[in-house]
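Values below: all heavy atoms of this structure, side chains included; hydrogens, waters and symmetry mates excluded.
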Amino acid sequence: MRRLGGGQLICQHCGLLQDQVQTLSHELVLLEPGMRVLAHEVPAGRRWIELVDGRVTVYGVCPPDPFQRCRIEHALACPGQQLPDLWPWLTSLRQENARKAERESQRLPLPPGGEPLADAG
C-alpha cells in the first residue's frame, strides 16, 4: 500500500482509495471513503461509528438505532478480495467498485501541465 496525504491509502487489491482511521485503541482501520450507511444495513461487528475527535469505534448496540449512520471497512466493498455474501447491497457495492477500478485503470494520464489534449479527430 502506498501512503497518500490526508490519511488515505491505495488498496493493494483493487487500486482504489481507502481512508486510514484511528480506533479508540489507537489501532488503524481502513474504511470505505465517503460512505456513511444506516447501521442496521451493516453486519454486526462491522459498524464503525465516527467520534467527535475523528477516531472510530465499533457500534455494538443491538438492535441498532434505525437512524444511526456508520462507516464500513473497505475490505467489505473491495472488488479485489473474496468475501462471503454478507448482505446483497455489499455485493452490489463490490461490483460497482470493480467497474470503478476498471474505469480508473483505463484512464489516460494527462500530459505535462495537466491539461487534456484537444480532440483532433
Side-chain angles (χ1 to χ4, degrees):
M1 289 181 250
R2 290 193 322 244
R3 173 83 180 168
L4 296 179
Q8 291 189 315
L9 299 173
I10 295 175
C11 176
Q12 64 185 358
H13 300 286
C14 70
L16 297 175
L17 289 176
Q18 50 191 344
D19 289 344
Q20 184 179 28
V21 183
Q22 194 175 76
T23 68
L24 278 177
S25 60
H26 302 286
E27 296 174 358
L28 296 173
V29 62
L30 301 171
L31 302 177
E32 184 69 8
M35 177 170 270
R36 283 149 186 87
V37 298
L38 292 170
H40 69 269
E41 295 181 352
V42 179
R46 305 277 190 154
R47 304 172 184 136
W48 292 94
I49 301 300
E50 293 177 293
L51 304 174
V52 294
D53 64 1
R55 293 182 295 168
V56 294
T57 188
V58 172
Y59 182 58
V61 176
C62 288
D65 178 322
F67 302 106
Q68 177 67 54
R69 296 227 170 236
C70 69
R71 298 195 61 190
I72 62 168
E73 296 168 42
H74 172 73
L76 291 177
C78 181
Q81 296 183 51
Q82 294 296 320
L83 295 172
D85 189 12
L86 299 169
W87 295 57
W89 75 268
L90 284 174
T91 299
S92 296
L93 180 59
R94 284 195 302 274
Q95 292 167 346
E96 177 55 31
N97 275 346
R99 289 188 288 273
K100 181 179 177 181
E102 179 65 24
R103 286 190 305 270
E104 290 192 15
S105 73
Q106 294 176 358
R107 185 181 299 163
L108 297 175
L110 292 176
E115 293 294 321
L117 298 175
D119 186 6

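The hydrophobic cluster containing V29, built from Ile/Leu/Val/Met/Phe/Trp/Tyr side-chain heavy atoms closer than 4.5 Å, also comprises V21, L31, W48, V56, V58.
For the pair R55 and L24, the tightest heavy-atom approach, listed with the atom from each and the gap, is NH1-O, 3.3 Å. Of all the heavy atoms in V37 and M35, the pair that sits closest is CG1-CG, 3.6 Å.
Looking at R47, its side chain never comes within 3.5 Å of a backbone N or O of C70 through a donor-acceptor pair.
Expressed to the nearest 0.5 Å, how far CZ of R94 lies from SG of C14 amounts to 12.0 Å. Once rounded to the nearest 0.5 Å, the distance linking CG of N97 with NE2 of H13 reads 14.0 Å. Going from atom CD of Q8 over to atom CG of D19 covers 4.5 Å, rounded to the nearest 0.5 Å. Taken from CG in L30 to NE2 in H74, the straight-line distance is 8.0 Å, to the nearest 0.5 Å.
With sequence neighbours excluded, the residues that form a side chain to side chain contact (heavy atoms under 4.5 Å, CB included) with S105 are E102.
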Residues 62-69 side chain polar contacts: donor-acceptor under 3.5 Å, at least two apart:
unit_1: D65; atom_1: OD1; unit_2: F67; atom_2: N; d: 2.7
unit_1: R69; atom_1: NH1; unit_2: R36; atom_2: O; d: 3.0

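Using a 4.5 Å heavy-atom cutoff, the side chains of C78 and Q18 are not in contact. Under the 4.5 Å side-chain criterion, counting only non-hydrogen atoms from C-beta, E32 is not in contact with L76. The closest side-chain heavy-atom distance from I10 to L17 is below 4.5 Å.
Transitive grouping of hydrophobic side chains (ILVMFWY, heavy atoms separated by less than 4.5 Å) keeps I72 and Y59 in distinct clusters.
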